[in-house]
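What follows is one structure encoded as structure tokens, with my remarks underneath.
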Amino acid sequence: MKAASASDARFLLASVGGGDYVAIELDPGGEERERVELAGSDLVDWVRGVEQSRSPRWVIRSARELYPRMLAAGVFLTRSHDLLLCHAILRDTDRVARPLAPSEDWLPREPDAGEPALFDLLARPSGDSVDDLLEQYREQCRVIAADKTGRLPLLCAAESAGGLIAEEMRAGGLPWDGEAHDRILVDVLGPRQPGGEQPARMAELAEKVRFHLGDPQLHLDSHVKLLRALHRVGVNVESTSQWELSDVTHPVIEPLLAYKKLSRLMSANGWAWLSEWVHAGRFRPVYIPGGVVTGRWASSGGGALQIPRILRPAVQADEGWMLVVADVAQLEPRMLAAMAGDKAMAEAARGRDLYAGVVASGAVATREEAKYAVLGAMYGATTGDSGRLVPRLRKVYPRAMRLVDDAARTGEDGGVVSTNLGRSSPRPDAAWQAAQSEASGADADPVEVKRARQSARERGRFTRNFVVQGTAAEWALIWLAEIRHRLRSLPEATTAAAASGPFARNAHLAFFLHDEVILHVPAESADAAAEAVRQAAAVATRRLFGEFPIDVPLDLQIVQTAEK
DNA sequence: CGCATATGCGCG
DNA sequence: AAAGCGCGCATATGCG
């Protein structure tokens, strides 16, 4: 593989307080070559110059803490090494004999509540200690270099790129049409009532529910009261959740389930959400790369990763711009097939629908069964429809099943499992281990034994899923990074500028959700951007699995609205 | 009153 | 308490 324009140049870049920065050029041995002190006002031009002439990797404490201010000032970083994100990986990885020493100093600090603005929350008022950064970076380089599999450099680079991308996506924002959102709400709930009162459709359903329950005063949002009222009319459910209610035949069920749907939309993504989270036509969630132990991203505020599909029509490109919407169907089982080197499963994964391939293999009769069987295999189902189907997969895909079964057994025994690139599961805590060894003693309390076995199996299901979910997260990270890389070489918009933000004339990533991306691109670049997304997916697959023949097909659309 | 926990449901 | 993974958020309720 050609190294493109990437260079070996490295600069440590630190915010030292008072809006000032220090940059240190590092030689290949990690030693200081030159130190430059920068006033905030010099930063933009200086970084831009170094980017153009040297194309370095910027060693930073954390993109989350540093990058928003830089983006606001128009500074883009092409490559980084994010010390906080990489610390978490290199502390836990089982790929080296001596991983990074854990340290509280290198954990992301939660922004304190009560501070005025996110900007200030993320800023470190006192600045970084340059010596501490340098020392930590050298330690991280030591761990990375000790990895015999040679995969940790890619993982750290991808994770760091994710750190930059998360901030760029927040800065760029997801184009969101508040009027379209409002129309959906009015359509589904009824017109907005003053003072946050229930809209008409909701109120009507609530009335029907109260009528059928014979209690005109009933407060439907209280599970306890609702459950009692249901029992009074002979609906003997154990909870008020919809999966249980939907099995019951009673006139109250239909309006109750409908009410719950509407109530959820109103409270989670109603007008209050709209006015809090959408400004100037953009939804700007806070993404937390590496926020999940498996390496998946989490989010904070705005429920970015839980936007209901019914609101997708509110995602609308600016005038003269388009959206490129792409997702992978069945990413996780594809990762499993490739990781395990399971040719039979890879064969089933050929083409767009892996589940159809599983049916064609003869393992199960219907697509629905294939889906439950495959999900059950990755999640560790043991009972029910799903659990009943899993053994059939063991016959047809022994290699893939052995991989997840081994991961589960390792987890049950208190061991550590790892993803394709070397992100490792956390060790069980001391209490867990104590409970396990206690339960294995001759005079163990049967109740404790049972509890210990159950928690061992829970951990087994976690590690079983960890290897698959975590490797899928790595594929997605590389996909993102490669998309971003390719978007940079697209021409600037000539016809229409986007509404706002640092990407007013540039195609940018606007949304990411585990196995799906939305790009916001000038209309004239839409085809090129779509091609970039496809190429990036192919590169991600090759980086992870080399020449192993695994299909990772994209559903990709160039659209004005993200409606589906 | 604030804070922690439980419930339920949205997303993958 | 979904038979089976990973999350975040709103709301109700219990505790101090």
Side-chain angles (χ1 to χ4, degrees), chain A residues 113-114 196 218-228 237-247 256-257 259-270 272-273 276-277 285-312 327-333 335-336 369 371-390 393 404 407-408 411 417 419 423 425-426 454 457-473 475-476 511-518 564:
Chain A
L218 184 65
H219 180 50
L220 296 184
D221 295 336
S222 165
H223 306 136
V224 179
K225 291 171 184 163
L226 178 58
L227 196 58
R228 269 200 286 267
V237 287
E238 285 184 26
S239 80
T240 64
S241 57
Q242 54 187 348
W243 67 265
E244 195 173 352
L245 290 172
S246 58
D247 283 346
L256 178 53
L257 290 178
Y259 173 84
K260 279 168 160 278
K261 280 255 178 290
L262 270 48
S263 169
R264 164 81 195 186
L265 178 63
M266 173 83 173
S267 66
N269 298 100
W273 181 91
E276 185 178 353
W277 287 99
V286 177
Y287 296 95
I288 317 280
V292 181
V293 284
T294 59
R296 271 191 175 179
W297 289 17
S299 71
S300 158
L305 310 186
Q306 306 139 251
I307 301 298
R309 302 195 77 88
I310 191 180
L311 289 180
R312 288 185 66 108
D327 73 311
V328 185
Q330 307 120 15
L331 177 60
E332 290 186 0
M335 298 296 104
L336 172 56
E369 284 187 338
K371 188 171 167 181
Y372 278 103
V374 168
L375 291 176
M378 295 188 304
Y379 293 161
T382 53
T383 61
D385 288 345
S386 181
R388 189 170 47 76
L389 292 163
V390 173
L393 294 188
V404 284
V417 297
T419 60
R423 191 190 305 262
S425 63
Q454 185 186 329
R457 275 193 295 265
E458 275 170 20
R459 187 156 194 283
R461 288 195 298 273
F462 166 65
T463 51
R464 170 190 291 270
N465 186 247
F466 182 96
V467 294
V468 180
Q469 187 183 118
T471 300
W475 185 95
F511 190 68
F512 168 57
L513 179 55
H514 308 319
D515 60 5
E516 171 182 3
V517 293
I518 299 178
K564 251 198 182 170

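Naming convention: chains lettered A, B, ... in sequence-line order (proteins, then strands); numbering from 1 in each chain. Model, not experiment: these values are computed from the prediction.
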Check the distance between [N]'s [atom2] and [X]'s [atom1] and give it to me in whole angstrom.
{"X": "A/Leu257", "N": "B/dG8", "atom1": "CG", "atom2": "P", "result": "13 Å"}
{"X": "A/Phe512", "N": "B/dC11", "atom1": "CZ", "atom2": "P", "result": "17 Å"}
{"X": "A/Arg459", "N": "C/dC5", "atom1": "CZ", "atom2": "P", "result": "14 Å"}
{"X": "A/Tyr259", "N": "B/dG8", "atom1": "OH", "atom2": "P", "result": "15 Å"}
{"X": "A/Glu244", "N": "B/dT7", "atom1": "CD", "atom2": "P", "result": "13 Å"}
{"X": "A/Lys261", "N": "B/dG10", "atom1": "NZ", "atom2": "C1'", "result": "9 Å"}
{"X": "A/Gln454", "N": "C/dA3", "atom1": "CD", "atom2": "P", "result": "12 Å"}
{"X": "A/Arg423", "N": "C/dG6", "atom1": "CZ", "atom2": "C1'", "result": "13 Å"}

What contact category does [X] fall into here, base, sugar-phosphate, or nothing, at under 4.0 angstrom with non-hydrogen atoms?
{"X": "A/Leu331", "result": "nothing"}
{"X": "A/Gly376", "result": "nothing"}
{"X": "A/Gly387", "result": "nothing"}

Side chain proximity check, A/Leu257 to A/Ser246, heavy atoms < 4.5 angstrom:
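In contact.
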Any donor-acceptor pair under 3.5 Å joining the side chain of A/Arg296 to the base of C/dC7?
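No, no donor-acceptor pair under 3.5 Å.
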Under the 3.5 Å rule, do the base of C/dG8 and the side chain of A/Gln306 count as making a donor-acceptor pair?
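Side chain to base: pair found, below 3.5 Å.
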Which of these nucleotides, [options], is closest to any side-chain atom of [X]?
{"X": "A/Tyr372", "options": "C/dC5, C/dC9, C/dG4", "value": "C/dG4"}
{"X": "A/Leu513", "options": "C/dG4, B/dC11, B/dG8", "value": "B/dC11"}
{"X": "A/Tyr379", "options": "C/dT11, B/dG8, B/dG12", "value": "B/dG12"}
{"X": "A/Arg309", "options": "B/dC11, C/dT13, C/dC9", "value": "B/dC11"}
{"X": "A/Ala381", "options": "C/dG8, B/dG10, C/dG4", "value": "C/dG4"}
{"X": "A/His219", "options": "C/dA12, B/dC9, B/dC11", "value": "C/dA12"}
{"X": "A/Ser299", "options": "C/dG8, B/dC11, B/dG8", "value": "C/dG8"}

Apply side chain to side chain contact (heavy atoms under 4.5 Å, CB included) to the pair A/Lys260 and A/Thr240, showing each step before the final yes or no.
CA-CA 10 Å; A/Lys260 279 168 160 278; A/Thr240 64; 3.9 Å; yes
Side-chain N or O of [X] versus OP1/OP2 of [N]: is the shortest distance under 4.0 Å?
{"X": "A/Ser300", "N": "C/dG8", "result": "no"}
{"X": "A/Gln242", "N": "C/dA2", "result": "no"}
{"X": "A/Lys260", "N": "B/dC9", "result": "yes"}
{"X": "A/Lys225", "N": "C/dA12", "result": "no"}
{"X": "A/His514", "N": "C/dG6", "result": "no"}

Let's go through A/Tyr379 and A/Val374 carefully: what are the C-alpha distance in whole Å and the side-chain angles of both, what is the deciding distance for side chain to side chain contact (heavy atoms under 4.5 Å, CB included) to 0.1 Å, and is it a yes or a no?
CA-CA 9 Å; A/Tyr379 293 161; A/Val374 168; over 6 Å; no
Toward the 5' end of DNA chain C, by each residue's nearest nucleotide, A/Thr294 or A/Thr383
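This one resolves to A/Thr383.
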Given that A/Gly302 and A/Val292 both sit by DNA chain C, which one's nearest nucleotide is further toward the 5' end?
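The residue closer to the strand's 5' end, by nearest nucleotide, is A/Val292.
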Is the shortest side-chain N to carboxylate O distance from A/Glu332 to A/Arg296 below 4.0 Å?
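Salt bridge between A/Glu332 and A/Arg296, a charged N being under 4.0 Å from a carboxylate O: yes.
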Interatomic distance at C1', B/dA6 relative to C/dA1, whole Å
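To the nearest whole Å, 13 Å.
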Taking the same atom, P, in B/dG12 and in C/dG4, what whole-Å distance lies between them?
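The same atom, P, in both gives a distance of 22 Å.
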In the strands shown, is C/dG4 matched to any nucleotide by a Watson-Crick or G-U wobble pair with both distances under 3.5 Å, and which?
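Check on C/dG4: unpaired, no WC or wobble geometry under 3.5 Å.
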[atom1] of [X] to [atom2] of [Y]: how many Å apart, nearest 0.5 Å?
{"X": "A/Asp327", "Y": "A/His514", "atom1": "CG", "atom2": "NE2", "result": "12.5 Å"}
{"X": "A/Met335", "Y": "A/Asp515", "atom1": "CE", "atom2": "CG", "result": "10.0 Å"}
{"X": "A/Leu256", "Y": "A/Lys261", "atom1": "CG", "atom2": "NZ", "result": "11.5 Å"}

